[in-house]
2 protein chains.
Amino acid sequence: MSEREAERSVSQTVRAQLALRDMILSGRLRPGERISELQAVDITGVSRTPVRLALVRLEDEGLLQAIPSGGFMVKAFTERDILDSIELRGTLEGLAARFAAERGVSARSLEPLKECLGDLDQLVRQDPISVEAFSAYVTMNARFHALLNELSASAPLIREIDRVSALPFASPSAFVMAQSALPEAHQILLLGQDHHRIVVDAIENREGARAEAVMREHSRLAARNLRLAIRNRTHLELMPALALLKSSVE
Amino acid sequence: MSEREAERSVSQTVRAQLALRDMILSGRLRPGERISELQAVDITGVSRTPVRLALVRLEDEGLLQAIPSGGFMVKAFTERDILDSIELRGTLEGLAARFAAERGVSARSLEPLKECLGDLDQLVRQDPISVEAFSAYVTMNARFHALLNELSASAPLIREIDRVSALPFASPSAFVMAQSALPEAHQILLLGQDHHRIVVDAIENREGARAEAVMREHSRLAARNLRLAIRNRTHLELMPALALLKSSVE
DNA sequence: ATCCCTTATAGTGTATACATACTGTACCCT
DNA sequence: AGGGTACAGTATGTATACACTATAAGGGAT
C-alpha cells in the first residue's frame, strides 16, 4: 500500500489528532498556549469539524485543557504532576497484579507472559546494551505490561490504566530511552527485570499483596530514571514528553 | 431567571448530553443498543453537530462504546465490572488519602473536612433516619469525599477519581439511597461514618498506610450495599444505574 | 489623564448540505 | 436451491456558511 493510500485510509479526525499531538509533544506548541480552531485548521489542513473532534479527544487524553469561555490550551504539567502520574500508574498496575493473583490465572494464560519475560531476559543479559537492544526493550516491556494488565480480567481497570499510560511521561517505557545514556543504565534495567520476575512468581503463587507491592515499587524506577535524566540534562532530546513541563528545564 | 432563559444559557451540546444520559440511565436506551446520530437528533431536538460532541463525551464518560465501523452503542456492564469499578475508586481514594497523610496538610485546610464530618455526625445520629436525612447524607457525603480528594493536592489523581466516580454505579453515594430501604441501613451508615472519622485522624497524624487502608475498606461498603440491595430486589428503582447491567436483574 | 462605552475583530457554537462507507435485501446466475 | 453480486437505503465523515459571544482597542466624555 502506498503512503498516499495509507493516509487516505485513516479519518481526517485521526490525522488531525496525530498532527496536533506531534506539535504539542515536540514543543512547537508551548504549554499554556491557546490553540484556536482556525489555527489547528491551518496546521492540519482539515476542516473545522474533524479538528474540533481531534481537540476534544486530545483534551480527554490530557494533553489539552478546556478554557471556560470556550476553546482549548496546551496543558502545562509540573514535575510533581509527572511524578504523581507515574505513582498513579504504579498503583493501578499494582491493583491489576493483585486481581490476577487473588482471582487466579490459568497456567495457559500465564504462558505468553513467561515467554515475554524470557525475551526480556535475553535483552538485558547483554553488556553493554546496544541502542537497538534498548529500543527492542521498550517494545517488549510495553508488551509485558499489557499482558500483565490483561491478566486482571477487569475491563474497567484496563481502561483506566490505558488512559493513564497514554500520558507521554507516565507510560511504563517513558524514560527507558533516556536511561540508555546513563551510566547506571544497565543496573536499573536489571532491577526492573527482577520486578518483572517477582510479579509473575507472585501471581503464580496467588500472593496478592506481594504482586501489588512489587508493581508499585516497579513504577518508582521510572520516577528514578526521570530524576536522573533531568539532573544529567544531557539527553533531554530522548524525552520529548518534557516539552509539557510548566517551567521548562531546558 | 425563567426556565426558558436557563435552558438557553447552556449549550446545545450539554443539553444533548444530559438528555441522552437520562435516556440511558433510565433504561429507555438498552445496553448494547446502537444509538444512531439521527435518532439522537430526534431525541434531543438539536442538530447533528452538537449531538456528535455529546456522543463523544458520553463515550469518554464510559456510558457509550464506540463501534469499530463507526457510531456508538450503549455500554453494557457486568456485576463484576461494577464491583471492580467500586474497588478502583476505593484504591484511588486510598492513594489520595495516603498522599494527604504523607505530605502533610495544614490545620487550616483540614477545617472544612472536620466541619463536614461534624455535619455528617448530626445526620447519622438520628434513629430512625428520615428519607430527607438520607438525601442530605448523600449530598454531604459527596462533599466529604471531594474535600478529602482535594487534600491530596494532586491534580492528575483528582482528575482520575472524578472520572471513575462519574460512572453512576461507582460514585461514593451510588447505593446510599438504596440502603434507606434496608433494615441494616443505620448500622452501615454508622460504619461508613467511622471510616470517615478514622481517615481524618490518620491524615492528621500522618499515618499514610492507615489512611490508605481505611479508604479502600470504605469503598467495600458500597459493594456490600449493592449486593444487599440486589438480593432484596425490592427497591431497584432507587438504583437507576443498574439499567446498565448486561443481563438485567429486574 | 483616567475611566467607560462603543465598535470592530476573532473565535467558538450550531445547522445543514454533500460525500462516502457500510449493511441488508433482492434478484440473478450457476 | 444456494450463493454471489448489485443496488438501495441508511449511517457516519466532512466541509462550510451563518450566528452569537467574548475580548481588546480606540475614542470620547468627565
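So that the names make sense, note that chain A is the first sequence line, chain B the second, and so on, each numbered from 1.
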Here the distance between atom P of C/dT16 and atom CD of B/Gln12, to the nearest Å, is 11 Å
Assign each of B/Gly71 and A/Val46 to its nearest nucleotide of DNA chain D by heavy atoms, then name whichever residue's nucleotide is nearer the 5' end. B/Gly71
Going by ring pair (Phe, Tyr, Trp, His ring centres under 6.0 Å), name the residues that satisfy it together with B/Phe175, two or more places apart in sequence or in a different chain. none
Looking at D/dA11, does its base get a donor-acceptor pair with the side chain of B/Ser36 below 3.5 Å? no
Could you check how far CG of A/Leu53 sits from C1' of C/dT12, rounded to whole Å? 14 Å
Between B/Arg34 and B/Gly45, which has a closest nucleotide on DNA chain C that is more 5'? B/Gly45
Say whether A/Arg28 and A/Ser26, considering side chains only, have a donor N or O and an acceptor N or O under 3.5 Å apart. yes
Would you state whether a donor and an acceptor, one from the side chain of A/Ser69 and one from the base of C/dT12, lie under 3.5 Å apart? no
In whole angstroms, the gap separating P of D/dG9 from CD of B/Gln39 amounts to 20 Å
Is the shortest side-chain N/O distance from B/Thr49 to OP1 or OP2 of C/dT14 below 4.0 Å? no
Spatial distance of atom CG (B/Leu157) from atom CZ (B/Phe99) [nearest 0.5 Å]: 6.0 Å
Over how many whole Å does the gap from A/Ile67 atom CD1 to C/dT12 atom P extend? 8 Å
Gap between atoms CD and P, on A/Glu37 and D/dT16 respectively (whole Å): 15 Å
Determine whether the side chains of A/His218 and A/Glu93 contain a donor N or O and an acceptor N or O closer than 3.5 Å. no
Rounded to the nearest Å, what distance is computed from the CZ atom of residue A/Arg48 to the C1' atom of nucleotide C/dT14? 9 Å
Spacing between A/Asp42 atom CG and D/dA15 atom P, to the nearest angstrom: 14 Å
Output the rounded distance in Å from CE (B/Met73) to P (D/dA11). 17 Å
